[in-house]
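Let me begin by presenting the structure, written as structure tokens, before commenting on it.
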There are 2 protein chains.
Amino acid sequence: MKQFTKQAIKKSLKRIFLYRACLVRLKTMGVEKVFSYTLANEAGVTADQVRKDFSEFNIKGNKRGGYDINDLLERMEKIFHRNKDHNIVLIGMGNMGMALSKYNKFVQRNMNIVATFDIDPFKHKIRSDLPIYPMSRLKEIIDRFRVRVAIIAVPEISAQEVCDELVRNGIKGVVNFAPVLLKVPPGIVINNVNLCDELESVIYYVHQLMSGDGLKNIELLYRDMKY
Amino acid sequence: MKQFTKQAIKKSLKRIFLYRACLVRLKTMGVEKVFSYTLANEAGVTADQVRKDFSEFNIKGNKRGGYDINDLLERMEKIFHRNKDHNIVLIGMGNMGMALSKYNKFVQRNMNIVATFDIDPFKHKIRSDLPIYPMSRLKEIIDRFRVRVAIIAVPEISAQEVCDELVRNGIKGVVNFAPVLLKVPPGIVINNVNLCDELESVIYYVHQLMSGDGLKNIELLYRDMKY
DNA sequence: GATTTGATGTGAAACAATTCACAAAACAAG
DNA sequence: CTTGTTTTGTGAATTGTTTCACATCAAATC
């Protein structure tokens, strides 16, 4: 197997997520096996790309027979460590935090938010499916549930502080919804989700497409800007 | 100015968003001008990268004098068409839609959700800052407010249907929170935000980092997987 | 079982993005 | 006004990613 390079993993990994989503959908439609071009077509990429990506993750199919969907999905589960449960903590129970805590897709994929935290004492009294704790109980919960990944949904002003505390208590990876670039020591994974940026980039491309000038280059290529 | 290529725009544009966030922060700290390496350091990229990106968008600084922050921000406003207001519609008032409708950062950046829609008749009676309309009023609202961009926050099962209807009524760009790959005609911009994928990729990298094998390559490089 | 067909898997080629390296410009100092 | 210093801006080199092209294999057909 070829050595991975930092960028290579990233891009192909993102596509693997995409492939899985397509496969799940195909499966529900009763399809049992796919060829690279079937999947490519679903995913909006080329067949070469699919095969190359699979090759990177050492996923093998059958010459002439294509790929068995169940087999593919199983291998992907392994790649994503989905055979195990993953305990997550969520910091910040504002609008976004509240919505995330109720997002049922996480559970469906074995990712369990085991507790949420907020500095507002009023929130600690709210009765809901998930407990809302004060930050002082962070360490206790992280240790008890062996949590390694956190979601930050606090206002940008306190995001860095919260992040520092998470890292101090053993968190290794963060999905950060606050629009700030968090500073963390090496070896900590930060994934930023910036909702404004996502909207703005759409607005940007729509403008480009509609204003029409300088546009031969942009064309019809932004069906999906992520992959 | 060099011809843009499809990928080039995408990556550098994303970084321009990042630069702006950094600049705004620096500005609040009282900084008035930056050098490419100052900004690079803030943004976690190289100084070359900053200058190259600026060059792509035809942003000029002063030789030896660096860049004036206010000037930079102003140019970026123009690039992002932020001088104008942008009217947005939001479809789907479940947990996520509700949170998005209350997200005040959009307004701060001149992006106004002018109306929300949901098929559930019960929701139409809810009194809130934003009206919740039935889908039948989509065309009327889109026309009245000249809306070109929409947010889809409906369950995956109905996402494609909703998207088709949006496109039929003149929507040119969509931020899609449903975990499906929407099929759209050429010239329509789709930007997918997949919350599960964001979490899962963090889990993946954390696993890689912790299991430690095959890892020389991954190293400390995932401070920020987006840029 | 030999032959044809159709798909995979992967080096090699082409293309894209990043980094390097240095000329050109601007300011400062003498 | 000349020289030295610092930083930009951008071609050239390097590095990374995608596409091409074809050897290889497995199944289907004769």
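We name chains A, B, ... by the order of the sequence lines, and we start the count at 1 in each one. Worth knowing before you read on, the calculation uses all heavy atoms, side chains too, and leaves out hydrogens, waters and symmetry mates.
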Can you tell me if [X] touches the phosphate of [N], counting only side-chain N or O atoms and a distance under 4.0 Å to OP1 or OP2?
{"X": "B:Gln49", "N": "C:dA17", "answer": "no"}
{"X": "A:Ser55", "N": "C:dT10", "answer": "yes"}
{"X": "B:Ser36", "N": "D:dT8", "answer": "yes"}
{"X": "B:Arg51", "N": "C:dT19", "answer": "no"}

At 4.0 Å (heavy atoms only), tell me whether [X] reaches a base, stays on the sugar-phosphate, or touches nothing.
{"X": "B:Gly61", "answer": "sugar-phosphate"}
{"X": "B:Phe54", "answer": "nothing"}
{"X": "B:Asp48", "answer": "base"}

With no hydrogens and no angle check, just 3.5 Å: does a side-chain donor-acceptor pair link [X] and [Y]?
{"X": "B:Lys33", "Y": "B:Asn62", "answer": "no"}
{"X": "B:Glu198", "Y": "B:Asn194", "answer": "no"}
{"X": "B:Asn70", "Y": "B:Glu74", "answer": "no"}
{"X": "B:Tyr19", "Y": "B:Asp53", "answer": "yes"}

[X] [atom1] to [N] [atom2], straight-line distance once rounded to whole Å:
{"X": "B:Ile59", "N": "D:dT8", "atom1": "CD1", "atom2": "P", "result": "13 Å"}
{"X": "B:Asn58", "N": "D:dG9", "atom1": "CG", "atom2": "C1'", "result": "11 Å"}
{"X": "A:Glu56", "N": "C:dT10", "atom1": "CD", "atom2": "C1'", "result": "12 Å"}
{"X": "A:Asp68", "N": "D:dA26", "atom1": "CG", "atom2": "P", "result": "16 Å"}
{"X": "A:Asp53", "N": "C:dT8", "atom1": "CG", "atom2": "P", "result": "14 Å"}
{"X": "B:Arg15", "N": "C:dT19", "atom1": "CZ", "atom2": "C1'", "result": "12 Å"}
{"X": "A:Phe35", "N": "D:dA27", "atom1": "CZ", "atom2": "P", "result": "12 Å"}
{"X": "B:Tyr37", "N": "C:dT19", "atom1": "OH", "atom2": "C1'", "result": "19 Å"}

Would you state whether a donor and an acceptor, one from the side chain of A:Arg64 and one from the base of D:dA27, lie under 3.5 Å apart?
->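 Yes, the side chain and the base share a sub-3.5 Å donor-acceptor pair.
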Please work out whether the ring planes of A:Phe80 and A:Phe17 are parallel, tilted or perpendicular, with thresholds of 30° and 60°.
->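 Taking A:Phe17 first and then A:Phe80, their aromatic rings lie parallel (interplane angle under 30°).
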Proximal nucleotide (of C:dA7, D:dT8, C:dT18) relative to the B:Lys52 side chain |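 Shortest atom-to-atom distance from the side chain points to C:dT18.
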Between C:dA24, C:dT18, C:dG9, which nucleotide has the shortest distance from any of its atoms to the side chain of A:Lys60?
->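 Of all the options, the side chain of A:Lys60 is nearest to C:dG9.
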